[in-house]
Every structure is written in structure tokens, then in C-alpha cells.
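If you read the sequence from its start, that first residue is 1, and numbering goes on from there. Owing to the predicted nature of the structure, the values given are computational and were not obtained by experimental measurement.
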Amino acid sequence: MGIRAFVLFASKIWNFICFVVRKQLRTVIQHQTVKYDVLPLSPLSKHRLSLVKRKILVLDLDETLIHSHHDGVIRQMVKPGTPPDFVLKVTIDRHPVRFFVHKRPHVDFFLDMVSKWYDLVIFTASMEIYGAAVADKLDNNRGILNKRYYRQHCCVRYGSFNKDLSAITQDLSSIFILDNSPGAYRAYPDNAIPIKSCLESQFTSPWIVIIRYIMMQFEFYCHICTSICVIMHV
């Protein structure tokens, strides 16, 4: 074997070793316990929060907070061998069905954070028997996802389920929706925060960006409201 052939062979071996190491490293990082550095609200923010009316954040379920598939699905969209976060057993039309549910990474942290600033509402186009079971699992006895709307509360327009935000509140300035389907908020584009579906984004976690955006909206809203209160009392 010549020197050139040996170098080429050694290079291939080295590239293979690097590939295996990187793959194993990604696996280790993926399963590490995540620690969140959460700063408490400042005294000013707490004071503002006590003065203003809480706004409403409407959350979609499927492909926004979670992804699921059920028994009988031939082509699963998640990586083979990936265990679900939980399994639901529900009865639909007298037939027992198992749903394998994968939570979007860090969704529990996201719900914990935004529930401090907003009243959370689940609005899903799924059937109630399934949507309620998923919401119960996500809530995990925290009491933050008690308000829920399901398929029967949607309107069917242009072949898709539309979510009527006015059914939740008539004050549309105090509500917005986080949903992966533009058709769901077709009638309320100014009240929507778009988000890529779980599968489209390969289960990446967009929550930090969304939390920062929501915090900015919260701070701005509190600042305006407290300024109005000051002016009215002058």
C-alpha cells in the first residue's frame, strides 16, 4: 500500500470516528437534564402586573405543543425508536384507540412561564375526548389549562377548521393565538403568532424566542396601562 492510499484510508477512518463521536455526543446532550436560569420579575413588573387585566393566550395542541400518532399508522413521522412522552387510550366510536404523544421540547417550561403572565386557553380542532386527555397530561394538575375549546367550537370555512376567538372574549385587543395552521386564525391574522409545526421544524424548540416576544408584549402593555392610570389620577 502506497503512502497516498494509506493517507486516504486513514482519512476515511478518522472521518468515520468523528461521525460516530458527534452522533453519540448529540445523543448525550439530548438526554441531559435541562436547567433553566429564570430571573424573577422586578418589583416594578410585579406592581404593573397587579394593576392590569390579564390578557389571554390561546394555544393549539397538535403540531404546536405536541405531535401524536395512533395505532394503525403505517408511516410514523417521528424517528423510529423514539419513545413517546405519554400514551393515551381513548374510545372513539366504540373502538379503543391508542395515541402515542410526543411533547415539543421544553413545552412544560414554556407553559410554566407564560401562565404567570397570561390566562391560558386550549383551542384545538381535535375531538374533545382526545383533546381533553392531552390537555390533562400537559396541565399535570397545575390548574393552568382549565379553559378549553374543541372541534365543536370551530367553524368550517374553505375546507378547514377556523377558531373563533370572539367565542372566548369580545375584547379582541386582549387575546392572541399561537397556532401552526394559518387557516385556524384566518379571521384574526392580527391576533396570531405563527409557529412552525413540530415535524416541519424537526421538533426544535422555538419557545425562547416566543417567550421573549411575549415578554416584550407584556411589558409594553403594562407600561401603557400604568401610564394611563397615572394620567387619569393626575
Side-chain angles (χ1 to χ4, degrees), residues 36 38 40-41 45-46 48-68 70 84-92 97 99-155 161-181 184-185 187-188 191-195 197-198 205-207 210-211 213-215 217-218 221-222 225:
Y36 305 103
V38 181
L41 290 175
S45 293
K46 289 182 179 179
R48 288 174 173 175
L49 183 60
S50 67
L51 293 177
V52 301
K53 176 184 175 182
R54 285 169 69 92
K55 290 198 171 189
I56 301 170
L57 173 57
V58 181
L59 300 170
D60 173 48
L61 282 181
D62 287 291
E63 297 307 321
T64 296
L65 301 183
I66 60 101
H67 167 77
S68 71
H70 58 79
D85 290 290
F86 54 88
V87 179
L88 297 176
K89 297 179 181 179
V90 299
T91 301
I92 300 176
V97 182
F99 287 91
F100 303 88
V101 183
H102 301 261
K103 294 191 289 187
R104 199 163 200 152
H106 314 303
V107 68
D108 294 319
F109 170 69
F110 169 75
L111 293 175
D112 273 336
M113 292 297 295
V114 296
S115 65
K116 297 176 182 179
W117 314 317
Y118 295 91
D119 290 331
L120 303 184
V121 175
I122 292 294
F123 203 153
T124 175
S126 299
M127 294 178 11
E128 182 172 351
I129 191 171
Y130 161 80
V134 174
D136 285 342
K137 285 288 189 179
L138 292 177
D139 185 87
N140 196 25
N141 298 317
R142 289 177 290 180
I144 59 176
L145 299 176
N146 293 330
K147 299 178 182 178
R148 303 169 185 179
Y149 293 79
Y150 306 100
R151 179 173 297 179
Q152 64 266 30
H153 302 109
C154 297
C155 305
F161 290 106
N162 293 173
K163 299 174 181 178
D164 184 8
L165 300 185
S166 65
I168 302 174
T169 178
Q170 293 297 315
D171 182 10
L172 294 180
S173 66
S174 67
I175 187 172
F176 57 105
I177 182 172
L178 180 67
D179 201 307
N180 71 296
S181 174
Y185 51 79
Y188 306 96
N191 296 77
I193 301 177
I195 184 174
S197 67
C198 291
S205 178
W207 302 129
I210 292 176
I211 286 174
Y213 174 79
I214 291 175
M215 284 183 67
Q217 295 295 314
F218 168 74
Y221 171 63
C222 288
C225 289

Going by heavy atoms in the side chains, are [X] and [Y] under 4.5 Å from each other?
{"X": "L172", "Y": "L165", "value": "yes"}
{"X": "V134", "Y": "R148", "value": "no"}
{"X": "V107", "Y": "I66", "value": "no"}
{"X": "I92", "Y": "H70", "value": "no"}
{"X": "K103", "Y": "F86", "value": "yes"}
{"X": "V101", "Y": "D85", "value": "no"}
{"X": "F176", "Y": "L57", "value": "yes"}
{"X": "L61", "Y": "L138", "value": "yes"}

Please report, to 0.1 Å, the donor-acceptor pairs under 3.5 Å made by any side chain of residues 121-130, with sequence neighbours excluded.
residue: T124; atom: OG1; partner: S126; partner atom: N; Å: 3.0
residue: T124; atom: OG1; partner: S126; partner atom: OG; Å: 3.2
residue: S126; atom: OG; partner: D62; partner atom: OD2; Å: 2.8
residue: E128; atom: OE1; partner: Q152; partner atom: NE2; Å: 2.6
residue: Y130; atom: OH; partner: D62; partner atom: OD1; Å: 2.7
residue: Y130; atom: OH; partner: S68; partner atom: OG; Å: 2.7

Is [X] reaching over with its side chain to a backbone N or O of [Y], donor-acceptor style, under 3.5 angstrom?
{"X": "K55", "Y": "S173", "result": "yes"}
{"X": "D179", "Y": "D60", "result": "no"}
{"X": "D139", "Y": "I144", "result": "yes"}

If you take all heavy atoms of [X] and [Y], which pair is closest and at what distance?
{"X": "A167", "Y": "Y149", "value": "O-OH, 3.7 Å"}
{"X": "C154", "Y": "K163", "value": "SG-CG, 4.1 Å"}
{"X": "N191", "Y": "I175", "value": "ND2-O, 2.9 Å"}
{"X": "R54", "Y": "S115", "value": "NH2-O, 2.8 Å"}

* Measure the acute angle between the ring planes of H153 and Y150, then classify it against the limits of 30° and 60° as parallel, tilted or perpendicular. => tilted
How many angstroms lie between [atom1] in [X] and [atom2] in [Y], if you round to the nearest 0.5 Å?
{"X": "I56", "Y": "I177", "atom1": "CD1", "atom2": "CD1", "answer": "12.0 Å"}
{"X": "D119", "Y": "L145", "atom1": "CG", "atom2": "CG", "answer": "11.5 Å"}
{"X": "I195", "Y": "T64", "atom1": "CD1", "atom2": "OG1", "answer": "6.0 Å"}

* side chain to side chain contact (heavy atoms under 4.5 Å, CB included) evaluation trace for F110 with L59 -> CA-CA 11 Å; F110 169 75; L59 300 170; 4.1 Å; yes
* I would like to know whether Y188 and S166 meet side chain to side chain contact (heavy atoms under 4.5 Å, CB included); could you show each step before the answer? => CA-CA 10 Å; Y188 306 96; S166 65; 3.5 Å; yes
* To do: For D112, enumerate each residue passing the salt bridge (charged side-chain N to carboxylate O under 4.0 Å, His left out) test, keeping only those at least two apart in sequence or located in another chain.
  => R142
